[in-house]
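This is a predicted model, so every value here is computed, not measured. Residue numbers begin at 1 in each chain, while the letters A, B, ... track the order of the sequences.
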Amino acid sequence: AQKVTQAQTEISVVEKEDVTLDCVYETRDTTYYLFWYKQPPSGELVFLIRRNSFDEQNEISGRYSWNFQKSTSSFNFTITASQVVDSAVYFCALSEAYSGAGSYQLTFGKGTKLSVIP
Amino acid sequence: DGGITQSPKYLFRKEGQNVTLSCEQNLNHDAMYWYRQDPGQGLRLIYYSQIVNDFQKGDIAEGYSVSREKKESFPLTVTSAQKNPTAFYLCASSPLGSGGGSDTQYFGPGTRLTVL
């Protein structure tokens, strides 16, 4: 069975600080996909990134960067120079290439609530 | 603009009543999903559908029902059999291109259901 753990329930940082959100996953598959979503106070989940298990290159998009390490089963997310608009709940999720009756199912972590204080 | 719409945004229901949540997408996606979110929790899958007139149970399907008569629409009915229906409900869709877990799911704005 697949599992995603986000150990940090809540994080508070002062604006312009860097912050890293941790995500650790468990899966028995060799092919799988990892996702990060942002949920602002409005409630809608906003897709941020998808990585497949064969691509361990780190990715940078503006102030966002992702560090994927298969050796530690981690897919961490860093926000550089945080801003108040980054305040949200961030979810890490995992999908296996094929999981039988649960095909296409995303398994979510419980989320990390980030508060950026001005 | 392409996207996913859910209505209503807030819904109040008396105990013992069935209620239907709407989800429509104009992204031409094949697959649609319903998730439930409780405070401080991640999302849990209720039902999903990969094609019209077909759907599968997720982890917490008891007390819920769905239909998929049109590609664009995937309504969720919360029945009186659902013991604790107060929650935030999110609908999602994905293109189901290459298939399997590689498809990115895109979410609607959600419906907050409160049972009085």
For residues [X] and [Y]: do they belong to one hydrophobic cluster (side chain heavy atoms under 4.5 Å, members Ile, Leu, Val, Met, Phe, Trp, Tyr)?
| X | Y | answer |
| --- | --- | --- |
| A/L21 | A/F75 | yes |
| A/F91 | B/F88 | yes |
| A/Y33 | B/Y48 | yes |
| B/V78 | B/I60 | yes |

More than 12 heavy atoms of other residues, nucleotides or ligands under 6.0 Å from [atom1] of [X]: yes or no?
| X | atom1 | result |
| --- | --- | --- |
| A/K3 | NZ | no |
| B/K71 | NZ | yes |
| B/Q17 | CD | yes |
| B/L27 | CG | yes |
| A/K110 | NZ | no |

Distance check, rounded to the nearest 0.5 Å: [X] atom [atom1] versus [Y] atom [atom2]?
| X | Y | atom1 | atom2 | answer |
| --- | --- | --- | --- | --- |
| A/Q39 | B/L43 | CD | CG | 7.0 Å |
| B/Y33 | A/L106 | OH | CG | 7.5 Å |
| B/Q105 | A/F35 | CD | CZ | 7.0 Å |
| B/L90 | A/E44 | CG | CD | 8.5 Å |
| A/I49 | B/T104 | CD1 | OG1 | 10.0 Å |

* Asked: How about residues 108-116 of chain B versus chain A: which residues have heavy atoms under 4.5 Å apart?
  -> B/G108, B/P109

* Side chain / backbone / both / neither for B/Q37 at chain A, heavy atoms under 4.5 Å -> side chain

* Are B/F107 and A/Y37 close enough that their ring centres sit under 6.0 Å apart? -> yes

